[in-house]
Amino acid sequence: QQQVKQSPQSLIVQKGGIPIINCAYENTAFDYFPWYQQFPGKGPALLIAIRPDVSEKKEGRFTISFNKSAKQFSLHIMDSQPGDSATYFCAASYSNQAGTALIFGKGTTLSVSS
Amino acid sequence: NAGVTQTPKFQVLKTGQSMTLQCAQDMNHNSMYWYRQDPGMGLRLIYYSASEGTTDKGEVPNGYNVSRLNKREFSLRLESAAPSQTSVYFCASSDPPSTEAFFGQGTRLTVV
């Protein structure tokens, strides 16, 4: 059972477009929602993150929108560039006695054409 | 600054063989993780550890064991490898309350 559902699986936009990637979750124990970016042959790297007490967070061209009541969050990439072509993962984390678990969505492969 | 180091980078095993994937971090992080990445499946959590001697199962723990040897090292063991365990394995670490996870470069494992 996928705890974090991500869509779409792939996305193609032209340079300057605004790709939007959506994620949904069920577990209300999640308390931190990061997005990771991965280039081929590399490990994922943190892009931007949000906590559920905030509805929006912007860092440069990347914006997270968070809807706590709907249990959904999304990533917007403004003025997308060919260098943004990568796989993007949403994630959610919760903590228990054993530690902090970070659960990922299935990923979205983004291609930005020039 | 090495960050998270995984060894080996590539490995081919025969069905039924055993092996241990090694992971070490030099950031003094408390939490460490093992993930597997398969096409179309994203990153799935195998095991995680909050500190030395503490581990817990993630989403897909069957067929794996882990050891948190000390604060720096977290190893993943396949006792009897199966073709279904062919995957790219990533180790990561973080330092709560900051939950940014830093990933290694991955180990590409093929079981034939």
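In this text, all values refer to a predicted model and were calculated from it rather than measured experimentally.
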Rounded to the nearest 0.5 Å, how far does [atom2] of [Y] lie from [atom1] of [X]?
X        : Y       : atom1 : atom2 : result
B:Arg44  : A:Gln3  : CZ    : CD    : 13.0 Å
B:Phe90  : A:Lys42 : CZ    : NZ    : 10.5 Å
A:Thr100 : B:Asp95 : OG1   : CG    : 10.0 Å

[X] atom [atom1], neighbour heavy-atom count above 12 within 6.0 Å:
X       : atom1 : value
B:Lys57 : NZ    : no
A:Gln9  : CD    : no
A:Ile12 : CD1   : no

B:Tyr48 side chain vs A:Leu102 backbone, donor-acceptor pair below 3.5 Å: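 No; zero donor-acceptor contacts below 3.5 Å.
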So does A:Ile103 get a backbone contact from the side chain of B:Tyr35, meaning a donor-acceptor N/O pair under 3.5 Å?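 Not at all, since once roles are kept as given, no pair shorter than 3.5 Å links the two residues.
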A:Phe89 side chain near B:Gln37 side chain, heavy-atom distance below 4.5 Å: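 Counting from C-beta outward, A:Phe89 and B:Gln37 do come under 4.5 Å.
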In the single-linkage hydrophobic clustering (I, L, V, M, F, W, Y; side-chain heavy atoms under 4.5 Å), do [X] and [Y] co-cluster?
X        : Y        : result
B:Phe103 : B:Ile46  : no
B:Val12  : B:Val111 : no
A:Val4   : A:Phe33  : yes
A:Leu46  : B:Leu43  : yes
A:Ile20  : A:Phe62  : no

For A:Ala45, which atoms come within 4.5 Å of any heavy atom of chain B: side chain, backbone, both, or neither?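 For A:Ala45, no heavy atom lies under 4.5 Å from chain B.
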Would you name the heavy atoms of A:Ala101 and B:Tyr33 that are closest together and state the gap between them?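 Scanning both residues completely, I find the closest heavy atoms to be CA-CE2, 4.4 Å.
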At under 4.5 Å between heavy atoms, what parts of residues 72-81 of chain B are in contact with chain A? List them by residue number.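 The list, in residue order, is empty: none.
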So which part of B:Ser51 gets closer than 4.5 Å to some heavy atom of chain A, the side chain, the backbone, both or neither?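 Contact with chain A: none, neither part.
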What residues, two or more places apart in sequence or in another chain, satisfy side-chain hydrogen bond (donor to acceptor under 3.5 Å, both in side chains) together with B:Tyr64?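 Residues passing side-chain hydrogen bond (donor to acceptor under 3.5 Å, both in side chains) with B:Tyr64: B:Arg36, B:Tyr89.
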